[in-house]
Amino acid sequence: MDAVNRSDDALRQRADYYTRIGNHHMTPLWEVLGALVPPQPRPPVLPHLWRYAELRDQVMEAGRLITAEEAERRVLILENPALRGQSSITQSLYAGLQLIMPGEVAPAHRHSQSALRLVLDGEGAYTAVDGERTTMRRGDFIITPAWTWHDHGNLGDQPVVWLDGLDIPIVRFLDAGFAERSEQQSQTPLRPEGDALARYGANMLPLDYEPRPSDPTRVFVYPFDRTQASLRAIAKGTPDAHHGFKLRYVNPATGASPMPTIGACAQHLPAGFETRGVRSTDGTVQVCLEGGGEARLSGPSGEHTWRFGPNDVFVVPSWHTLQLRADRDSVLFSFSDRPVQLALGLWREERL
Ligand code: 1HN
């Protein structure tokens, strides 16, 4: 253990031993045990904020350099500064800004990875999930569960930008990824727009529909106007000291997370409200949809304070304490791997 108490000879013997066992692809646990089983999470992930106003021009520039069809998906990946080259915003999640120009189509495909979209900028685009289209409006939370066909198109006259969140690092870790391109560029609509929300998302369910607990929701769009209406209604009550007014998105048929690997929440903080500090084991991506304020993070990587405003994206690594202060009435969207951690009995939260 303690090098100073060891003779040079003993240390040399050990080093020699490590080399010899290394030739057999073995390594001593006692040299790495502390790092393997830390007393509390020590994520390599760094806190970081992406300011949309500073990124928008560069996102638009991609629209002049490559077509959506050529790119398949025209996305700028938001890479955690500590995970460059890994296409990851946290150890378990991927995030990116996707741009679709007027008249463009992003061709239909499906894959084992689950995806969410949060619409940020512009209007006139749609996304289609397993044969149903939905018009994308700012703040809408849209999902494409694993292995569902999906394509996007822009029928309007403005560029449209949304945030993509996927479980790519989870599926990569498990080596469980499959993908397939459709023969159709755009899916032929099989049902009218709004069908899934009417059948599965209006406090009713089809007569013969009995979902299994792990099934993803058939509701694939959570319109922002409904979210806002709920947040406004509950804001007439008393805010939680740590979370303000915060709701999690669910599969309305089961109460489970909309998708098994990614959970998402919407949060309202009234003007002037300051949350008490909270830390949890799920590294989280936060997006400001309305208002703005200040985020204070503290954790193993030190202290970070940012001002944030509409469409800014920031990442709160695992076990970093987050405190938010709203300068104006604010709405934040967030997503994380919480359902995975809950299913595995790993999730912890501490309210300070
Ligand atoms: C994907 O299918 C989309 O459908 C976006 O818009 C980003 C990143 C990696 C793999 C698949 C989309 C993606 C993706």
Side-chain angles (χ1 to χ4, degrees), residues 50 55 59 62-63 66-80 83-138 140-156 159-187 189 216 220-222 258-262 264 285 287 313 315 333 335 337:
W50 288 263
L55 307 181
V59 172
I66 189 165
T67 64
E69 206 183 326
E70 208 183 339
E72 187 160 347
R73 297 294 187 265
R74 189 201 286 110
V75 181
L76 300 186
I77 303 173
L78 304 183
E79 280 198 325
N80 192 279
L83 304 174
R84 296 307 308 271
Q86 296 184 42
S87 305
S88 301
I89 190 162
T90 68
Q91 295 262 71
S92 59
L93 296 168
Y94 158 107
L97 293 172
Q98 181 158 175
L99 168 68
I100 187 158
M101 301 298 286
E104 284 189 329
V105 161
H109 69 193
R110 62 178 176 174
H111 37 69
S112 321
Q113 291 82 1
S114 301
L116 67 81
R117 337 253 164 229
L118 184 74
V119 185
L120 297 179
D121 195 3
E123 49 189 61
Y126 68 85
T127 195
V129 180
D130 271 351
E132 185 178 329
R133 284 187 183 183
T134 189
T135 303
M136 302 175 96
R137 299 185 179 86
R138 189 166 181 283
D140 287 355
F141 166 51
I142 298 164
I143 61 167
T144 53
W147 213 242
T148 53
W149 291 109
H150 54 285
D151 58 86
H152 321 299
N154 187 342
L155 304 172
V160 175
V161 178
W162 62 81
L163 182 82
D164 287 316
L166 286 92
D167 56 5
I168 285 172
I170 298 177
V171 177
R172 180 170 59 197
F173 172 75
L174 297 169
D175 281 334
F178 293 86
E180 185 173 26
R181 285 189 78 157
S182 172
E183 280 147 31
Q184 287 186 308
Q185 277 278 97
S186 306
Q187 296 173 71
F220 67 96
V221 55
Y222 297 76
M259 300 186 288
T261 49
I262 310 178
V285 179
V287 190
V313 178
V315 57
F333 171 89
F335 68 96
D337 61 15

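For ligands, and for the atoms within them, numbers begin at 1 and follow the listed sequence.
- Residues of the protein with a heavy atom under 4.0 Å from ligand 1 are R73, Y94, Q98, H109, H111, R117, H150, H152, D164, L166, I168, listed by chain and number.
- E79 is linked by a side-chain contact (heavy atoms from CB on, under 4.5 Å) to I77, R84, S87, counting only residues two or more places apart in sequence or in another chain.
- Under the side chain to side chain donor-acceptor pair (under 3.5 Å) test applied with R117, the options T144, T134, T127 reduce to a single match, T144.
- With H111 contributing its side chain and H109 its backbone, the two residues share no donor-acceptor pair below 3.5 Å.
- D140 meets the salt bridge (charged side-chain N to carboxylate O under 4.0 Å, His left out) test with no other residue; sequence neighbours excluded.
- With rounding to the nearest 0.5 angstrom, the CG atom of D151 is 8.5 Å from the CD atom of Q185.
- H152 is linked by a ring pair (Phe, Tyr, Trp, His ring centres under 6.0 Å) to W162, counting only residues two or more places apart in sequence or in another chain.
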